[in-house]
Amino acid sequence: AFENRSSEKDSEYFSDGISEELLNVLSKVPGLRVAARTSSFYFKVKPASLKEIARELNVFYLVEGSVQRDGSRARIGASLFRADTGDTIWADRFDTELKDIFTAQDEIARLIASKLSLNLSAPSRPARVVDPAMHGLVLEGRYFLTQRDTGFPRAEAAFAQALKLDPEFAPAHAGLAAVHVLKAVFRIIDGVGGNAAGLAEGRRFAQQALALDASLVDAHSTAGYEALLSGRFNESEQHFQRGLAVNPNDAFTHHWRAHLLARLGQLDRALEENALAAELDPFSWALLSGYSGQLALACRHQDTLTALERLLAIRPNFLPAQGLAAVQMLRLGRSAEAIALARQVLENPQPSQRQWADVSAVQVLHEGQLDGDVRTYAAKVLASYPAEDPRRPALLAAAGRFEEALVTPIKSPVDPFNARFYFWAEAWDPIRDEPRFEQRIAQLGLTKEYKVARETLQRMLKQPKLKKP
C-alpha cells in the first residue's frame, strides 16, 4: 500500500484507495500475477524486509510508493523493486490534477508493465475526467466497506453522496450494491436471514453499475453473489465468469464463485477456486475462513488445521476458526486439545460473529461423550438463535438430536452455508442412509445437488489431494 503523506491524516482512505485502484489496473496485465488488496496492505501494520514480503506474497517484484494530496492536485511517487536483490528497477514521481487521476494511474501501470517486458495493451476503463470530490467519496466508501458493521453506515453514506454529485458514476452504484449484498450475507451468517429487500436493492444497484460500465469486476462479483443467494445459479455463474474475464486475478470473485460451486455440490471445483483465491490473497482472513471450511468438508483435516493456524495468526480469537480447529484436532486424535478448545469457545462471552463456532464446539463435546456439557451448552445456544435460524438444526444434529433437527423449520431458499452442512458435515453421517434424512433433503429442494455432492466427495477421497496454496 502507498504511504499517506497528505496533511489530512484522517484521509488514509485516499492513499489506500489510490493503491487499490493501481493494483486493479496492474492485475489486468496479461501474464502478471498481482497480490490482492488485503495481503498487499497487511504489511502496512507489520513491517518486514522486501525479501520477507515477497516470500510471504509469493511474488518476484514489489511496488512501493506514496500519495500526497494538496487541494485539487496529487503527487504520486512509485518505485519498482526486485525482491531478491532489493535493486530498484524503476522509480518516478507524478504530479497530476485529481480530475486526471485515472490517467495517471494507467500511465504508472503502463510504465511498470513495460519495465517487466509486458504490455498493457488497452486502457482498463473508459477514459474520462473524474470529479475529485465524487472520486474521493467512492474511495472513502470502499475503505469503510471492509469494516463490516461499524463501517457499513459510513460506506453507504459516502457512496450515496457520490451519486448525488453524479448519478451516472458507475463505481458508486457498485459500492452501494456491495453494501446491500454484504449486509445480507452477514445476516445469513448470523442466522438472522438474508433480507430479500436488501438483496433486491443490491441487485438493482449492480445492474445500474453494469449498465454504465460493464467492465466493473466488483459489480459483476456482487451481482453474482446476489444471484447465488436468491437461487439464480446460472445467472450467478455468468456474472462470475464475466468478472474473471476482465480480471482473472480478482481473489474475491474466485472465492464467491467457490460458494456457488459448493452450493451446486461440486466441492472439488469449489476447492480449486478457493485455493486460487487464497494464493492470490494469502493474508485475507475471510478467504482463509472459506477455504479452511471447504477443506474440512473434504475431510482434509491436517490441511484444514494448517489453514486455520494461519487464519488465527492474522485474526486471533476468531471463534468460528477456533471451533472448526477443535473438530480437526478431534479427527486427528488430539481429543484432549479438541475438548479444551471447544470449552474455550463455550466460555467466550463474545455475543456477535460467532457464526458456526457453537455448532463445531457442540459436535466435539458430543463426540467426546460429555453429554452433560452438551445439554447445558446446547440449551444456552438454542435460546440465543432466532426462529428458523439455519444453525438450529445443525446444532441439534451436532448434539445427536436428529429427531428434533429434522423437523426444525428453516427459511427458503437454502443459503450456501446451510446447504453445504447438509451435503458434507460429518454430524449427519449416522443417519445419511435413513429415509427420514432423504425426506429432509427433498423437503429442502436439495435432492439433485445432494446427489452430486455425495458422489463428488466419494471421488475426492479416492484421488490425490489438491496442491496447497
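- Looking at L396 and L382, their side chains come closer than 4.5 Å, going by heavy atoms from C-beta outward.
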>> Using the rule given for salt bridge (Lys or Arg N to Asp or Glu O under 4.0 Å), can you reason through E272 versus R257, listing the C-alpha separation, both sets of side-chain angles and the distance that settles it, and then say yes or no?
In response: CA-CA 10 Å; E272 290 174 356; R257 184 168 182 253; over 6 Å; no
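- Of all heavy-atom pairs spanning A298 and L271, the tightest one is CB-CD1, 3.7 Å.
- Not a single donor-acceptor pair under 3.5 Å links the side chain of S230 to the backbone N or O of R232.
- Of all the heavy atoms in L295 and A307, the pair that sits closest is CD1-CB, 4.2 Å.
- Side-chain contact check for E455 versus Q458: every heavy-atom pair is 4.5 Å or farther apart.
- Counting heavy atoms from C-beta on, the side chains of P416 and L229 come closer than 4.5 Å.
- The minimum heavy-atom distance between L216 and L210, with the atom names listed, is O-CD2, 3.9 Å.
- Under 3.5 Å, the side chains of E226 and T222 contain no donor-acceptor pair of N or O atoms.
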Candidate pair L244 and V217, rule side-chain contact (heavy atoms from CB on, under 4.5 Å), full reasoning | CA-CA 7 Å; L244 291 172; V217 177; over 6 Å; no
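- For R204 and Q207, the side-chain atoms include no donor-acceptor pair closer than 3.5 Å.
- Judged by distance alone, with hydrogens and angles left aside, the side-chain atoms of R436 form no donor-acceptor pair with the main-chain N or O of L406 at under 3.5 Å.
- Under the 30°/60° scheme for interplanar angles, the aromatic rings of F205 and H173 are found to be tilted.
- The backbone N or O of S289 lies less than 3.5 Å from a partner atom in the side chain of S292, making a donor-acceptor pair.
- Proximity of a side-chain donor or acceptor of E438 to a complementary backbone N or O of E434 within less than 3.5 Å is not detected.
- More than 12 heavy atoms of other shown residues, nucleotides or ligands fall within 6.0 angstrom of atom CG in D429.
- For the 3.5 Å distance criterion, the side chains of Q241 and E237 qualify, holding a donor opposite an acceptor.
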Might you work through the salt bridge (Lys or Arg N to Asp or Glu O under 4.0 Å) test for D373 and R343, ending with a clear yes or no? CA-CA 9 Å; D373 288 349; R343 282 181 166 151; 2.6 Å; yes
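- Side chain of R459 to main chain of R454: no donor-acceptor pair is present (N/O by atom type, distance under 3.5 Å, no hydrogens or angles).
- Taking the six-membered ring for Trp and thresholds of 30 and 60 degrees, F318 and W285 have ring planes more than 60 degrees apart, a perpendicular arrangement.
- Between Y377 and H366 there is no side-chain heavy-atom pair separated by less than 4.5 Å.
- Among residues two or more places apart in sequence or in another chain, the ring pair (Phe, Tyr, Trp, His ring centres under 6.0 Å) test is passed with F159 by none.
- In this structure, S284 contributes its side chain and D281 its backbone to no donor-acceptor pair below 3.5 Å.
- One finds the CG atom of L457 at 4.5 Å from the CG atom of L461 (value rounded to the nearest 0.5 Å).
- The main-chain N or O of V381 is found under 3.5 Å from a side-chain atom of S384 such that the two form a donor-acceptor pair.
- Ring-centre distance between H220 and F240: not below the 6.0 Å cut-off.
- Remark: W428 CH2 to F423 CZ distance equals 13.5 Å, nearest 0.5 Å.
- Looking at L312 and Q322, their side chains come closer than 4.5 Å, going by heavy atoms from C-beta outward.
- Counted by atom type alone, N274 and H254 present zero donor-acceptor pairs between their side chains at under 3.5 Å.
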Practice problem: Please test T408 against E404 for side chain to side chain donor-acceptor pair (under 3.5 Å), starting from the C-alpha separation and ending with a verdict. | Solution: CA-CA 6 Å; T408 301; E404 297 170 77; over 6 Å; no
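- Proximity of Q363 to E367: side-chain heavy atoms (C-beta onward) are separated by under 4.5 Å at one or more points.
- Between the side chain of R392 and the backbone N or O of Y385 there is at least one donor-acceptor pair closer than 3.5 Å.
- A donor atom on one side chain and an acceptor atom on the other are found under 3.5 Å apart for T253 and S221.
- Distance CZ/R269 to CG/L261: 5.0 Å, rounded to 0.5 Å.
- Taking the six-membered ring wherever Trp is involved, the centroid distance between the rings of F417 and W356 does not fall below 6.0 Å.
- Between L305 and R334 there is a side-chain heavy-atom pair separated by less than 4.5 Å.
- At a threshold of 4.5 Å between non-hydrogen side-chain atoms, the residues Q350 and N317 do not count as touching.
- No side-chain N or O of Y291 forms a donor-acceptor pair with one of R310 less than 3.5 Å apart.
- When all heavy atoms of A223 and A206 are compared, the closest pair comes out as CB-CB, 3.9 Å.
- In this structure, the separation between CD1 on I441 and OH on Y422 is 7.0 Å, given to the nearest 0.5 Å.
- For the pair R82 (side chain) and I89 (backbone), a donor-acceptor distance under 3.5 Å is absent.
- Once rounded to the nearest 0.5 Å, the distance linking CG of L260 with CD of Q266 reads 8.0 Å.
- One finds the OG1 atom of T304 at 12.0 Å from the CG atom of L311 (value rounded to the nearest 0.5 Å).
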